[in-house]
Structure formats: structure tokens, C-alpha cells
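Have a look at the structure below, then the notes.
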Amino acid sequence: MFTIAKLKQQSSNSPYRVPTKVQTVHVGATNTYIQDGQTKSNTTISFADQTGTIKGQCFDITKMNTIKPQSTLMIRNYIYRDQMIIITSAAKVSVTGGVGDIAEEYRTQAVELAKPPAPPAVMPIELAKTTTPNQFVSIQGKVMRVDAIVERVTQRTQETIKLRQIYVKDHTAEVKISLWRSLAENTIEVGKTIKVTFLKLNLHKGEISLQTIPQSTLEFVSEQHNVTVDGFYKEEDTFFLVCKHEGDIFSDYKCPLAALQDIVAEDEEIEAVIEGMIPFTANIVVSGNNTVSSVSIDI
């Protein structure tokens with residue numbers, strides 16, 4: 001029977017018939033994906049015993065009925081690779097006992113093992129374009145162009161997936177970003193500032209671009225604007241401010257009552273107050289979905 005410490009002394013990337021006995025400390029996220037036209041999944045798990053901790057990946061969803069938090073397991077016919085226990089359909093997982101008391105230090109370490117990695121720090125786009133294809137980067141910048149969504153069929157799995165290409169610029173450079181799958185469905189407007197994580201470099205026909213992976217995230221960054229509030233209107237229960245930027249450019253922003261708390265009291269009629277002030281100069285903070293989070297009068 002292998003302990004975790006003894007297993008880590010073995011050569012990696014090999015199947016093992018010698019059982020290992022561990023306790024499930026934490027069951028992490030399940031990632032679903034398409035392979036060979038079939039929907040599959042893998043779940044991240046962390047194990048511990050009296051000798052240490054180890055990360056696991058389970059690729060057989062049926063075995064998660066046995067692999068439960070705090071369960072003591074005997075695992076056979078598993079693969080040890082990249083310092084992880086890989087559980088496939090060929091593995092044998094059974095409930096057992098006898099692991100003994102596990103140090104609290106190991107339990108804490110095991111919980112951390114199952115957490116997804118933190119996204120890389122935001123770097124200038126110019127620097128991101130000089131990284132290697134096996135390095136993940138995060139960038140932040142203003143959207144300069146948004147292409148229409150298209151569909152692509154993958155060569156290996158024949159899966160039809162969505163793709164949207166956008167162009168983002170910061171103070172150092174501009175880059176094309178390929179948003180795949182669900183990220184392609186985001187409503188993205190030119191002029192908005194976004195942050196995209198876990199991007200990989202892509203080199204195609206001499207063009208340098210970045211592309212998302214399943215772990216990538218896209219979020220809109222709040223922006224502050226100095227505007228002239230020149231009008232308002234309502235659509236059902238939603239209140240909109242019509243704001244004029246420099247160059248006589250107008251934008252319509254959704255504006256919850258809470259965002260106007262600095263200039264409209266709770267017992268006042270919002271339309272009457274705003275109509276009596278128009279036009280007025282204000283500082284507004286706008287999120288990515290064109291919603292104002294705060295309005296302050298520019299005195």
C-alpha cells in the first residue's frame with residue numbers, strides 16, 4: 001500500500017496497481033468539455049494522509065458517487081502524473097478506513113490544492129505580445145473593434161464552437177483577441193474597458209494575437225466620466241440618463257435610483273428633481289453594461 005509520500009517517490013506518468021489509501025479533504029470544481037463528439041468532465045479533488053497531501057483529477061463522473069468529502073478511499077489502477085492521482089474509468093475506487101489522524105496543516109494544504117489557480121497579473125499589451133505560447137497572461141484595455149460572431153468546426157472533435165474577435169488597446173499597443181465559446185456571446189461595445197484573463201499567445205501567418213482558454217474570464221472595468229446630463233427617459237421601470245461627452249457625443253446610461261442618492265432624496269420625485277437641474281455637469285461611474293453606479297455633481 002502506497003502512502004502519499006511513497007507515491008511521490010515513484011516515476012510519473014505511469015499506471016499503478018499498488019493501491020494507495022487517502023482521505024478526500026476537498027472536492028473542487030467540475031470542468032465539462034467536448035471530446036470526440038461526447039460531453040465529458042473532470043473534477044479536481046485534494047487528498048491527504050498522515051504523510052502529506054496530493055491533488056487528484058477524476059475523469060469518470062460515476063466515481064464521484066464514491067469520492068465524497070471526508071471519505072476514506074482505497075484507489076487502484078490509477079495513474080500518477082504531474083504529481084497528481086489521475087482517476088479514469090479503469091481505476092477502482094472503494095470506501096475503506098484506517099488512514100488515521102491527519103494533521104491540520106495537511107488539511108489546510110489540501111484545500112488550497114483543489115482551488116483553481118489565480119489569474120496572472122495584468123501586464124501591458126506590448127509585453128503580452130512578446131510572451132511564449134505556453135505562458136498565460138491577463139490584459140486590460142479599451143475595446144477598439146468588435147467583429148461579428150462566427151462558428152468554427154474543430155478538426156479533432158468536429159465540434160461547432162463560437163468565435164468572436166475583438167481588438168483591444170492600452171497605452172502600449174493594440175492586439176486582436178479571439179474569444180471562444182461562451183465568452184464570444186458577451187455583449188461588448190466599442191469604447192468599453194475590459195479585463196481578460198488566462199490568455200495565450202497565438203502566432204498565425206506572422207500575425208501575433210491572443211486567444212482565450214476554458215479558464216479565461218472577461219469582465220468590464222468601471223470607468224469614470226465627466227459629462228453633461230442633458231436629458232432622461234424611462235422604459236418601464238428603468239430610468240435612463242442622456243449624457244453628452246466631449247465632441248457632442250451622446251450616450252444613454254441605465255441609472256438606478258441608488259446611484260442618484262447624492263443628488264435625489266428618497267422622498268423626492270426623481271423625474272422632477274432631474275428635470276429641474278438639466279442641463280448639469282456631473283461625474284458618473286459607469287460599469288460595462290452601461291449602468292451608472294454613482295452620480296456626483298461637478299461643482
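All of these numbers come straight from a predicted model, not from anything done at the bench.
- Leu163 is not listed as a side-chain neighbour of Asp147, based on a closest heavy-atom distance of 4.5 Å or more.
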Subject >> Intermediate values then yes/no, side-chain hydrogen bond (donor to acceptor under 3.5 Å, both in side chains), Asn134 and Thr132 >> reply: CA-CA 5 Å; Asn134 60 353; Thr132 59; 2.6 Å; yes
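- Criterion: ILVMFWY side-chain heavy atoms under 4.5 Å apart, direct or through other members. Under it, Tyr106 and Val22 are not part of a common hydrophobic cluster.
- When hydrophobic clusters are built by joining Ile, Leu, Val, Met, Phe, Trp and Tyr residues whose side-chain heavy atoms come closer than 4.5 Å, directly or via intermediates, Met1 is not grouped with Val95.
- Two residues are said to be in side-chain contact when any heavy atoms from C-beta on lie closer than 4.5 Å; Ile86 and Tyr80 fail this criterion.
- With values rounded to the nearest 0.5 angstrom, Ile297 atom CD1 is found 8.5 Å from Thr281 atom OG1.
- Using a 4.5 Å heavy-atom threshold, the side chains of Thr24 and Leu73 count as touching.
- Counting all heavy atoms, side chain and backbone alike, Glu126 lies closest to Thr172 at N-OG1, 3.0 Å.
- No donor-acceptor pair closer than 3.5 Å links the side chain of Glu112 to the backbone N or O of Thr108.
- A pairwise comparison of heavy atoms in Ala128 and Ile139 identifies CB-CG2, 3.8 Å as the closest pair.
- Ile87 and Met74 end up in different hydrophobic clusters when Ile, Leu, Val, Met, Phe, Trp and Tyr side chains are linked at under 4.5 Å.
- From Glu189, atom CD reaches atom CD1 of Ile166 across 12.5 Å, with rounding to the nearest 0.5 Å.
- Both Val18 and Ile54 are members of a single hydrophobic cluster when ILVMFWY side chains are connected at heavy-atom separations under 4.5 Å.
- In this structure a side-chain-to-backbone donor-acceptor pair under 3.5 Å is missing from Ser178 to Gln211.
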**OP:** Apply side-chain contact (heavy atoms from CB on, under 4.5 Å) to the pair Asn202 and His204, showing each step before the final yes or no.
**Re:** CA-CA 6 Å; Asn202 183 46; His204 181 66; 4.3 Å; yes
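- Between the side chain of Thr197 and the backbone N or O of Pro119, no donor-acceptor pair lies under 3.5 Å.
- Looking at every heavy atom in both residues, Ile102 comes nearest to Gln50 through CG1-N, 4.4 Å.
- Residues Trp180 and Arg152 meet the side-chain proximity criterion, which asks for heavy atoms closer than 4.5 Å.
- Between Leu241 and Asp252 there is no side-chain heavy-atom pair separated by less than 4.5 Å.
- Residue Lys129 places its NZ atom among more than 12 non-hydrogen atoms of other residues, nucleotides or ligands, all under 6.0 Å distant.
- Counting only heavy atoms from C-beta outward, the side chains of Val221 and Ile194 never approach each other to under 4.5 Å.
- By the 4.5 Å heavy-atom criterion applied to side chains, Pro256 and Thr291 are counted as neighbours.
- Distance check: Phe59 CZ to Asn42 CG gives 4.5 Å after rounding to the nearest 0.5 Å.
- Nearest heavy atoms, Lys21 versus Gly97: NZ-O, 3.0 Å.
- Remark: of the listed residues Leu7, Thr72, Val99, Val25, Val99 is the sole one forming a side-chain contact (heavy atoms from CB on, under 4.5 Å) with Asp49.
- Side-chain contact check for Thr62 and Asp60: at least one donor-acceptor pair (N or O, by modelled atom type) lies under 3.5 Å.
- Residue pairs that meet the side-chain hydrogen bond (donor to acceptor under 3.5 Å, both in side chains) test with at least one member in residues 94-105, sequence neighbours left out, are Glu105-Gln109.
- Using a 4.0 Å cut-off between charged side-chain N and carboxylate O, Glu185 and Arg164 make no salt bridge.
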Original post:
For Leu179 and Asn186, what are the C-alpha separation, side-chain angles and deciding distance, and is it a side-chain contact (heavy atoms from CB on, under 4.5 Å)?
Top reply: CA-CA 9 Å; Leu179 304 175; Asn186 280 277; 5.7 Å; no
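- Put simply, Ile270 and Ile284 are part of the same group of oily side chains (I, L, V, M, F, W, Y) that touch within less than 4.5 Å, one to the next.
- The aromatic rings of Phe240 and Tyr233 lie parallel to each other, with less than 30° between the two planes, well short of the 60° mark.
- A donor-acceptor pair is defined here as one N or O able to donate and one able to accept, closer than 3.5 Å; no such pair exists between the side chain of Thr20 and the backbone of Ile75.
- Other residues, nucleotides and ligands place more than 12 heavy atoms under 6.0 Å from the NZ atom of Lys63.
- Between the CD atom in Glu269 and the CD atom in Glu275 there is a gap of 11.0 Å [rounded to 0.5 Å].
- Distance alone, capped at 3.5 Å, is enough to place a donor-acceptor pair between the Asp170 side chain and the Ile125 backbone.
- Scanning both residues, Ile149 and Ala184, for their nearest heavy atoms gives CD1-O, 3.3 Å.
- Checked against the 6.0 Å centroid criterion, the rings of Phe239 and Phe232 qualify as a close aromatic pair.
- The CD1 atom of Ile61 sits 13.0 Å away from the OG atom of Ser89 when rounded to the nearest 0.5 Å.
- For NZ of Lys8, the number of neighbouring non-hydrogen atoms (other residues, nucleotides, ligands) closer than 6.0 Å is greater than 12.
- The side-chain heavy atoms of Ile263 and Ile274, taken from C-beta on, include a pair separated by under 4.5 Å.
- Interatomic distance, OG of Ser46 versus CE of Met84, reported as 13.0 Å (0.5 Å rounding).
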Original post:
Should Cys255 and Val295 be marked as a side-chain contact (heavy atoms from CB on, under 4.5 Å) after you check the CA-CA gap, both sets of side-chain angles, and the distance that decides it?
Top reply: CA-CA 9 Å; Cys255 187; Val295 180; 4.2 Å; yes
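- Partner of Thr193 under the side chain to side chain donor-acceptor pair (under 3.5 Å) criterion, chosen from Glu223, Glu219, Gln140: Glu223.
- In summary, of the residues considered (His26, Gln57, Lys55), a side chain to side chain donor-acceptor pair (under 3.5 Å) with Thr44 occurs for Gln57 alone.
- Checked by atom type and distance alone, the side chain of Ser293 pairs as donor or acceptor with a backbone atom of Val285 at under 3.5 Å.
- A side-chain donor from one of Thr43 and Thr30 sits under 3.5 Å from a side-chain acceptor of the other.
- Ring geometry for Tyr253 versus His245: interplanar angle over 60°, hence perpendicular rather than tilted (30 to 60°).
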Original post:
Can you list the steps and then say if Asn283 with Gln224 is a side-chain contact (heavy atoms from CB on, under 4.5 Å)?
Top reply: CA-CA 7 Å; Asn283 289 306; Gln224 183 168 319; 4.2 Å; yes
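- Counting non-hydrogen atoms of neighbouring residues, nucleotides and ligands closer than 6.0 angstrom, the CD atom of Glu246 reaches no more than 12 such neighbours.
- Residues Tyr78 and Pro19 share a closest heavy-atom pair of OH-C, 4.2 Å.
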